[in-house]
Amino acid sequence: MPAPQKIRRLGDPGLDLNTLVSLSKRRGFVFQSSEIYGGLGSCWDYGPLGSLMKLNVKRAWWQAMTRRSDIVGLDAAILMHPMVWKASGHVDGFSDPLVDCKECKTRFRADNTESYLKDKKCPNCGSKNLSEPRNFNLMFKTHMGPVEDSGSVIYLRPETAQGHFVNFMNCQQSSRYKVPFGIAAIGKSFRNEITPGNFIFRTREFEQMEMQYFVEPGTDEKFYHQWKETRWNFYLKYGLTESNLRFADHPPDKLAHYAKAATDVEYKFPMGFSELEGVHNRSDFDLTQHMKFSGKSLEYFDEPNKKKYIPYVIETAVGCDRLFLAFMCDAYREEVTVDEKGEDTRIVMGLHPELAPYKVAVLPLSKKEELTGPAEKLRNQLAEDFDVVYDETASIGKRYRRQDEVGTPFCVTVDFDSLNDQAVTVRHRDKMTQERVAMSNLNEYIQKALKNYN
Ligand code: GAP
């Protein structure tokens, strides 16, 4: 296949986040939540392909963490004792300054709205008739049990991290891991964001993938730098373009109340470089707070050295939805080829195969029973090892394009020769090269090709 003359990516003229929003809806990655009722602000549902891909994103992160010999997993409850959020500082401090425009009723954040910071103006209508900024707590409140009084108030967790802290002793003692060791968790978090937006970038319900690494005080700086590097390499391994990534260290005067040092891994989304992940040195703030509020010791006893201390924590915290979006943004490309027949555009979602919703598509060349029978049998054979899709409608060229657009790395065509040679044509997504492979050997062939991708 000749190389395309031009490759267009998100951020090029005419290609932006809306390109992904419409592809996501059309192909079943992400839908607006409650769409038939007009949608619910900033909530999104992952469709047939999106749910598969999201699982793959989570699996990649989970395995990168828990297959190490020094990290254990955790799946903590979303609802936690209300004192947790007192101890963590969220009840008193997890708020954004909110301003109301009295003219057009727009609500916006005082601390990151340019027109307000510059001229005290509404970003929507330009009016100066605004309320004073007031602190708006971002935690969702609800009530536990049948009585809705102040004693029954409970919060939907705004981060998964507190589950790690309150289970520090449980995890350490049950696993018998020694410091330094980590706890990793994936789960839903909720924040009543004032300005959600940019598709799944900032939403009110989202999933976090957080890891807390407990270390001896004095070794924290070393591990902080190690984790920065480890997380950077994770992104490269799964295909993010290095020039689209950067670190943005928090200056000392902008650090969160709990942090000794912090950096954001930023990704170049179509709207510009924005935070993808936070890597934080949280010192012993959280364990100390929980000791104070619970009255329980969270000190670690270092047996060989016969000393007790409260571990410091290095945290890595990334949003699963935000990472999903970064992978989609990076993977999307339009290959433009011009020949005597005119211009042709191939849309490719060049996802790392481990992240792609389907690994293989099985495509019988014709709808005739003599081909669809063996093709369905082959589909079932492949489904023992992979997420696989079967498609017998439209021309073979169109079906290849359908799979390119959703990132399927391999298309397998069952043709009339297959009936004689018991082999099929495997077509590769990126280079569009084709190979003839024995059907009996196909699972192994795909397994190997997936493994050798990097
Ligand atoms: N435990 C630390 C913590 O939660 P954070 O920087 O507030 O730190 C970590 O959040 C990550 O969670 C962010 O880098 C982002 O990827 C994701 N995240 C935070 N708020 C989000 C939101 N409203 N929508 C989607 N993802 C969000």
Side-chain angles (χ1 to χ4, degrees), residues 30-35 37-46 54 58 74-100 105-113 131 133-167 185-210 212 256-258 275 277-278 280 282 286 289-290 293-294 315 317-325:
V30 182
F31 308 128
Q32 169 78 73
S33 162
S34 318
E35 193 186 84
Y37 287 97
L40 178 66
S42 96
C43 292
W44 300 88
D45 299 339
Y46 289 78
K54 201 174 183 203
K58 289 194 266 188
L74 175 74
D75 184 353
I78 288 172
L79 303 177
M80 301 183 78
H81 195 290
M83 285 301 279
V84 166
W85 307 111
K86 265 282 188 202
S88 67
H90 283 83
V91 169
D92 297 321
F94 192 55
S95 51
D96 283 338
L98 176 74
V99 174
D100 285 302
K105 311 291 177 221
T106 295
R107 286 190 156 173
F108 59 90
R109 273 172 64 173
D111 58 338
N112 68 0
T113 303
S131 74
R134 62 193 158 83
N135 279 335
F136 172 76
N137 195 294
L138 300 185
M139 282 198 293
F140 277 99
K141 251 188 213 167
T142 184
H143 294 270
M144 188 171 243
V147 184
E148 292 197 5
D149 62 14
S150 59
S152 66
V153 166
I154 198 149
Y155 302 96
L156 302 189
R157 68 179 175 201
E159 61 172 15
T160 58
Q162 297 306 320
H164 305 62
F165 300 127
V166 301
N167 281 295
I186 300 178
K188 289 268 184 171
S189 294
F190 302 82
R191 295 182 192 179
N192 202 359
E193 300 278 3
I194 298 169
T195 46
N198 286 323
F199 192 27
I200 51 176
F201 178 83
R202 179 170 286 109
T203 52
R204 295 192 170 108
E205 173 180 343
F206 55 99
E207 229 163 336
Q208 285 187 307
M209 307 192 287
E210 296 199 282
Q212 315 291 327
H257 59 282
Y258 54 75
E275 175 183 344
E277 166 156 17
H280 311 126
R282 295 183 72 122
D286 306 273
Q289 285 294 101
H290 286 303
F293 279 74
S294 70
E315 167 182 76
V318 58
C320 176
D321 314 78
R322 208 174 272 189
L323 180 53
F324 181 107
L325 181 62

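Because the structure is predicted, anything quoted here is derived from the model rather than measured. Along the sequence shown, residues are numbered consecutively beginning with 1.
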task = Kindly indicate whether the side chain of Asp45, heavy atoms from C-beta on, has any atom under 4.5 Å from the side chain of Ser33.
result = yes

ask   = Cys320 and Lys58: which non-hydrogen atoms are nearest, and at how many Å?
value = SG-CG, 3.6 Å

task = Evaluate the side chain to side chain contact (heavy atoms under 4.5 Å, CB included) criterion for residues Phe94 and Glu159: first the C-alpha distance (whole Å), next the side-chain angles of each, then the deciding distance (0.1 Å), finally the verdict.
result = CA-CA 11 Å; Phe94 192 55; Glu159 61 172 15; over 6 Å; no

Atom pair CH2/CD1 of Trp44 and Ile200 - distance to nearest 0.5 Å = 8.5 Å

ask   = Any donor and acceptor pair, going by atom type alone, linking the side chain of Gln32 with main-chain N or O of Leu40 inside 3.5 Å?
value = yes

query = Would you say Lys188 has more than 12 foreign heavy atoms packed within less than 6.0 Å of its NZ?
reply = yes

inquiry  = I want to check something: taking the side chain as every heavy atom from C-beta on, are Phe199 and Val30 in contact at a cut-off of under 4.5 Å?
reply    = yes

key: Closest heavy-atom pair and its distance - Ala77, Met80   = O-CG, 3.9 Å

ask   = How far apart are the C-alpha atoms of Glu207 and Thr160, what are their side-chain angles, what is the distance that settles it, and do they pass the side chain to side chain contact (heavy atoms under 4.5 Å, CB included) test?
value = CA-CA 9 Å; Glu207 229 163 336; Thr160 58; over 6 Å; no

key: Gap between atom CZ of Arg107 and atom CZ of Arg109 - 0.5 Å precision   = 14.5 Å

key: Minimal non-hydrogen separation, Pro196 against Ser42, with atom names   = CB-CB, 3.4 Å

query = Run the side chain to side chain contact (heavy atoms under 4.5 Å, CB included) check on Val84 and His90 step by step: do they pass?
reply = CA-CA 9 Å; Val84 166; His90 283 83; over 6 Å; no

query = Measuring from Leu323:CG to Glu277:CD, what's the distance to the nearest 0.5 Å?
reply = 8.5 Å

task = With rounding to the nearest 0.5 Å, note down the distance linking OG1 in Thr203 to CG in Asn198.
result = 11.5 Å

key: From CZ (Phe201) to CD (Glu275), nearest 0.5 Å   = 7.0 Å

message = Checking the side chain of Arg204 only, and the main-chain atoms of Arg191 only, is there a donor and an acceptor separated by less than 3.5 Å?
response = no

ask   = With side chains defined as the heavy atoms from C-beta onward, is the minimum distance between Leu98 and Pro133 less than 4.5 Å?
value = no

His164 side chain to Glu210 backbone, donor-acceptor under 3.5 Å = yes

key: Qualifying side-chain hydrogen bond (donor to acceptor under 3.5 Å, both in side chains) pairs with a residue from residues 146-158, counting only residues at least two apart or across chains   = His143-Ser152

Listed once per pair and sorted, the salt bridge (charged side-chain N to carboxylate O under 4.0 Å, His left out) pairs that draw on residues 76-93, sequence neighbours left out = Lys86-Asp92

ask   = Atom CZ in Phe165, atom CD in Glu315: separation rounded to 0.5 Å?
value = 6.0 Å

ask   = If you take all heavy atoms of His257 and Ser88, which pair is closest and at what distance?
value = NE2-O, 3.4 Å

request  = Give the C-alpha distance, both sets of side-chain angles, the deciding distance and a yes or no for side chain to side chain contact (heavy atoms under 4.5 Å, CB included) between Leu79 and Leu156.
outcome  = CA-CA 6 Å; Leu79 303 177; Leu156 302 189; 3.7 Å; yes

query = Distance-only, no hydrogens or angles: does the Gln289 side chain make a donor-acceptor pair with backbone N or O of Ala87 under 3.5 Å?
reply = yes

ask   = Does some side-chain heavy atom of Tyr258 sit less than 4.5 Å from a side-chain heavy atom of His280?
value = yes

inquiry  = Checking ring-ring contact (aromatic ring centres under 6.0 Å, His included) between Tyr46 and each of Phe324, Phe31, Phe206, which is the one that passes?
reply    = Phe324

ask   = Taking Ser131 for the side chain and Asp100 for the main chain, is one N or O donor matched with an acceptor at less than 3.5 Å?
value = yes

task = Could you check if a side-chain atom of Gln162 sits within less than 4.5 angstrom of a side-chain atom of His290, using non-hydrogen atoms only?
result = yes

query = If only atom types and distance count, is the side chain of Asn192 paired as donor or acceptor with the main-chain N or O of Asn137 below 3.5 Å?
reply = no

